[in-house]
Amino acid sequence: MNILVINAGSSSLKYQLYNMEDESVLAKGLVERIGMDSSILTHKPTGREEVTEVSEILEHTTAIRKVIDLLTHKEHGVVASVSEIQAVGHRVVHGGEAFKESSLVDDAAKAEIRRLFDLAPLHNPAAMMGIRAAELNMPGVPQVMVFDTAFHQTMPEHAYLYAIPRVLYKKYKVRRYGAHGTSHDYVSKAAAEYLGRPVEDLKIITCHVGNGGSVTAVKGGVSVDTSMGMTPLEGLMMGTRSGDLDPAIVPYVMNKEELSVSEVSSMLNKHSGLLAISGISSDMREITEGMEKGEPNSTLAFEMYEYRLRKYIGSYAAAMNGVDVIVFTAGVGENSVVLRQKVCEQLTYLGVELDEALNAIRSGEPRRITTENSKVDVLVVPTNEELVIARDTHRIVLNSK
């Protein structure tokens, strides 16, 4: 079965085409600047030259049509016709409480996703545009929604509820949902496989650290707590998001600066985090370069970022009464040698003993970065959220027949 995995944003669309017989990627690509007359489509067939097209792509339906045209192209394609794509899997950020696992797309499911727009206003509407575009271009092909929040639906009530009037949960489902669930699920299982131990026997802390970031406590293979909250704003300091802060700051700043709700939301989501503190960038690579040059604001931004990440690791070790494995993943977690070093150097109380030589190795494979004597295994595990989406889509489509 060939499965097309789609991750639709408001003005972008990422895709990968999988052959599920061996889980190989036949092609992958990205459509950027959707809605503009100079949209860019980058298409990479596995083992062949990358193809780039610049054209007018005003909405997602056209974007997916152009993707299909390239996937079936005589020279650049990887399948003979669209009929060779048997299913489509979509990344959907927020499934609320309605979706505890991945789901086939039908009218009821789409109606529920629309109802959840308020919980993920930047993400769920974009996902719906991707679903609608796929339906129009590939009528009759089964589609599956895979949710970032589903993995965290195993959290106990004492972990996901906020200490606010319970009526707000009953009426509006105000609670912790988390995000990056497909990544936390994938890397926790991959870590257990790498160590040759059953995931059910392990206490794992997974650190998905990229431009957005979250930490999850995985006990016995299930999520028992996670740092993101009702929205992806809570938790770690991120590239442009504030992470945790005193909620009283919001009305205080709104009053002092005469900000609207949308303006303060934009401030916290798009103009905070590393960008706000460093004053130069939201990119950890540029922050690290600035720190190495002795720039005080870059140094402060890095120290705040590392400190908050380390605090969450410590809190989740306490929550699970111990930890066997710590996993770093995503763009920063997989690539920042210095961040992993600084975090691990301050976790000796847990028995973490970093091997600096192993930590310095750059590899696309799972690897251990601690010594043989370390009481906690610290691993770097490249994430693969697209593969999780493809696997869930494959399983659900087969079970639905």
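Computed from a predicted structure; not experimentally measured.
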K.L.:
Kindly say whether S363 contributes a backbone atom to a donor-acceptor pair with the side chain of R367 at under 3.5 angstrom?
P.N.:
yes
K.L.:
Is it true that, when you exclude F117 itself, more than 12 heavy atoms of the residues, nucleotides or ligands shown sit nearer than 6.0 Å to its CZ?
P.N.:
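Atom CZ in F117 is crowded, with more than 12 foreign heavy atoms closer than 6.0 Å.
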K.L.:
Can you name the residues that form a salt bridge (charged side-chain N to carboxylate O under 4.0 Å, His left out) with D107, not counting sequence neighbours?
P.N.:
K110
K.L.:
State whether the side chain of E84 and the backbone N or O of A80 hold a donor-acceptor pair below 3.5 Å, judged by distance alone.
P.N.:
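Side chain of E84 to backbone of A80: a pair is present.
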K.L.:
Is any side-chain N of the basic residue among K173 and E97 closer than 4.0 Å to the acidic one's carboxylate O?
P.N.:
yes
K.L.:
As an exercise, state the distance from CG of L26 to OH of Y18, rounded to the nearest 0.5 Å.
P.N.:
10.5 Å
K.L.:
If the condition is salt bridge (charged side-chain N to carboxylate O under 4.0 Å, His left out), which residues does R340 pass it with, not counting sequence neighbours?
P.N.:
none
K.L.:
Can a donor-acceptor pair be found, under 3.5 Å and without considering hydrogens, that links the side chain of R176 to the backbone of L161?
P.N.:
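The answer is no, because no donor-acceptor pair under 3.5 Å joins these two groups.
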K.L.:
So with a 6.0 Å cut-off around CD of E193, is the heavy-atom count from everything else above 12?
P.N.:
no
K.L.:
I want to check something: taking the side chain as every heavy atom from C-beta on, are T288 and V338 in contact at a cut-off of under 4.5 Å?
P.N.:
yes
K.L.:
List the atom of I204, the atom of V199, and the distance in Å for their closest heavy-atom pair.
P.N.:
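Taking every non-hydrogen atom into account, CD1-CG2, 4.1 Å.
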K.L.:
Would you mind reporting whether M128 and I131 have side-chain heavy atoms less than 4.5 Å apart?
P.N.:
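The answer is yes; the side chains approach within 4.5 Å.
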K.L.:
Look only at the side chain of E334 and the backbone of A330, and say whether a donor-acceptor pair between them is shorter than 3.5 Å.
P.N.:
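Flag set: sc E334 to bb A330 pair under 3.5 Å.
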K.L.:
A side-chain contact here means heavy atoms from C-beta on lying under 4.5 Å apart; do I113 and V92 qualify?
P.N.:
yes
K.L.:
How about D283 and S281: does a side-chain donor come under 3.5 Å of a side-chain acceptor?
P.N.:
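D283 vs S281: no donor-acceptor pair found between side chains.
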K.L.:
Less than 4.5 Å apart, side chain to side chain, heavy atoms only: is that true for V174 and M230?
P.N.:
yes
K.L.:
Should the pair R308-D244 be classified as a salt bridge under the 4.0 Å nitrogen-to-oxygen rule?
P.N.:
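No.
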K.L.:
Just verifying a value: how many Å separate M138 CE and I85 CD1, rounded to the nearest 0.5 Å?
P.N.:
4.5 Å
K.L.:
Quick one: does any side-chain atom of R91 pair with a main-chain N or O of T182 as donor and acceptor, under 3.5 Å?
P.N.:
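Looks like no, no N/O pair under 3.5 Å.
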K.L.:
Assess whether a salt bridge exists between R285 and E289, defined as any Lys/Arg side-chain N lying under 4.0 Å from an Asp/Glu carboxylate O.
P.N.:
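No, this pair does not count.
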K.L.:
Would you say K189 has more than 12 foreign heavy atoms packed within less than 6.0 Å of its NZ?
P.N.:
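It does: K189 NZ has more than 12 such atoms within range.
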K.L.:
May I ask you to check whether Y177 and H94 place their ring centres under 6.0 Å from each other?
P.N.:
yes
K.L.:
Can you sort out the partners of N335 under side-chain contact (heavy atoms from CB on, under 4.5 Å), two or more places apart, ordered by chain and number?
P.N.:
R362
K.L.:
Step by step, work out the side-chain hydrogen bond (donor to acceptor under 3.5 Å, both in side chains) result for S183 and T383.
P.N.:
CA-CA 6 Å; S183 178; T383 192; 2.8 Å; yes
K.L.:
Any non-hydrogen side-chain atom of Y186 less than 4.5 Å from a side-chain atom of L387?
P.N.:
yes
K.L.:
May I ask you to decide whether K203 forms a salt bridge with D324, counting only side-chain N to carboxylate O separations under 4.0 Å?
P.N.:
no
K.L.:
Quick one: pull up CG in L236 and CZ in R310 and give me the separation to the nearest 0.5 Å.
P.N.:
13.0 Å
K.L.:
Does NZ or CZ of R175 fall inside the cone over Y160's six-membered ring, less than 6.0 Å from its centre and within 45° of the axis?
P.N.:
yes
K.L.:
Examine distances only and state if a side-chain atom of S272 and a backbone atom of M267 form a donor-acceptor pair shorter than 3.5 Å.
P.N.:
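Yes, S272 side chain to M267 backbone: donor-acceptor pair under 3.5 Å.
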K.L.:
In plain terms, say whether D392 and R395 are close enough for a salt bridge, that is, a side-chain N and a carboxylate O under 4.0 Å apart.
P.N.:
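Yes, D392 and R395 are salt-bridged.
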K.L.:
Step by step, work out the side-chain hydrogen bond (donor to acceptor under 3.5 Å, both in side chains) result for T371 and E353.
P.N.:
CA-CA 6 Å; T371 67; E353 189 174 306; 3.0 Å; yes
K.L.:
Using a 6.0 Å cut-off, check whether atom NZ of K44 has over 12 heavy atoms from anything other than its own residue.
P.N.:
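Yes, the 6.0 Å shell around NZ holds more than 12 heavy atoms from other groups.
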K.L.:
Under 3.5 Å, side chain of T62 to main-chain N/O of L58, donor-acceptor pair present?
P.N.:
no
K.L.:
Using side-chain heavy atoms (C-beta onward) and a distance below 4.5 Å, is L347 in contact with I313?
P.N.:
yes
K.L.:
Counting distance only, does the side-chain N/O of S39 pair as donor-acceptor with the main-chain N or O of M36 below 3.5 Å?
P.N.:
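Looks like yes, one N/O pair under 3.5 Å.
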K.L.:
Ignoring hydrogens, what is the shortest heavy-atom contact between S81 and T72? Give both atom names and the distance.
P.N.:
C-CG2, 3.5 Å
K.L.:
Does atom CD of E59 have more than 12 heavy-atom neighbours, drawn from other residues, nucleotides or ligands, at distances under 6.0 Å?
P.N.:
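More than 12 heavy atoms, drawn from other residues, nucleotides or ligands, come within 6.0 Å of this atom.
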K.L.:
Verify the distance criterion only: is there a donor paired with an acceptor across the side chains of Q153 and K100 at less than 3.5 Å?
P.N.:
yes
K.L.:
Answer yes or no for K171 and Y169: cation-pi contact, defined as NZ/CZ to six-membered ring centre under 6.0 Å and angle to ring axis within 45°.
P.N.:
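Pair K171/Y169 does not count as cation-pi.
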K.L.:
Considering only residues two or more places apart or on different chains, which pairs with a residue in residues 46-75 satisfy ring pair (Phe, Tyr, Trp, His ring centres under 6.0 Å)?
P.N.:
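Qualifying pairs, neighbours excluded: H73-H76.
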K.L.:
With rounding to the nearest 0.5 angstrom, report the NE2 to CD1 distance, H394 to I389.
P.N.:
15.5 Å
K.L.:
Would you give the length of the straight line joining atom CG of L233 to atom CG of L268, rounded to the nearest 0.5 angstrom?
P.N.:
5.5 Å
K.L.:
Would you say that more than 12 heavy atoms from the other residues, nucleotides or ligands in this model lie under 6.0 Å from the NZ of K342, or not?
P.N.:
no
K.L.:
Would you call R391 and E23 a salt bridge, using N to O less than 4.0 angstrom?
P.N.:
yes
K.L.:
So which heavy atom on T149 is nearest to which on G96, and how close?
P.N.:
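So the two residues come closest at OG1-N, 4.0 Å.
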K.L.:
Do S265 side-chain atoms and S262 backbone N/O form a donor-acceptor pair below 3.5 Å?
P.N.:
no
K.L.:
Is it the case that more than 12 heavy atoms not belonging to N321 sit under 6.0 Å from its CG atom?
P.N.:
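No, not enclosed.
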K.L.:
Start with the C-alpha gap between H43 and E50, add the side-chain angles, then the distance that decides, and say whether side-chain hydrogen bond (donor to acceptor under 3.5 Å, both in side chains) holds.
P.N.:
CA-CA 6 Å; H43 173 73; E50 185 175 280; over 6 Å; no
K.L.:
Do R166 and E157 meet the salt-bridge criterion of a basic N to acidic O distance under 4.0 Å?
P.N.:
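So E157 pairs with R166 through a salt bridge.
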K.L.:
Any ring pair (Phe, Tyr, Trp, His ring centres under 6.0 Å) involving residues 281-313? Give me the pairs, sequence neighbours left out, ordered by first then second residue.
P.N.:
Y312-Y316
K.L.:
Are H152 and S223 close enough, and set up right, to give a side-chain hydrogen bond (donor to acceptor under 3.5 Å, both in side chains), and what steps lead you there?
P.N.:
CA-CA 5 Å; H152 303 301; S223 171; 2.9 Å; yes
K.L.:
State, yes or no, whether a side-chain contact exists between L41 and T52 at a heavy-atom distance under 4.5 Å.
P.N.:
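Counting from C-beta outward, L41 and T52 never come under 4.5 Å.
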K.L.:
Quick check on Y162: does its OH atom have over 12 non-hydrogen neighbours (other residues, nucleotides or ligands) under 6.0 Å away?
P.N.:
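Buried by this count: over 12 neighbours within 6.0 Å.
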K.L.:
Are any of the side-chain heavy atoms of V144 and S103 separated by less than 4.5 Å?
P.N.:
no
K.L.:
Hey, does the side chain of T329 reach the backbone of H208 with a donor-acceptor pair shorter than 3.5 angstrom?
P.N.:
no
K.L.:
Test: ring pair (Phe, Tyr, Trp, His ring centres under 6.0 Å). Region: residues 328-386. Which pairs qualify, not counting sequence neighbours?
P.N.:
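Of all non-adjacent pairs touching residues 328-386, none passes ring pair (Phe, Tyr, Trp, His ring centres under 6.0 Å).
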K.L.:
Just by distance, with hydrogens left out, do H180 and S214 show a side-chain donor and acceptor under 3.5 Å apart?
P.N.:
yes
K.L.:
So how far is it from E234 CD to M228 CE, rounded to the nearest 0.5 Å?
P.N.:
10.0 Å
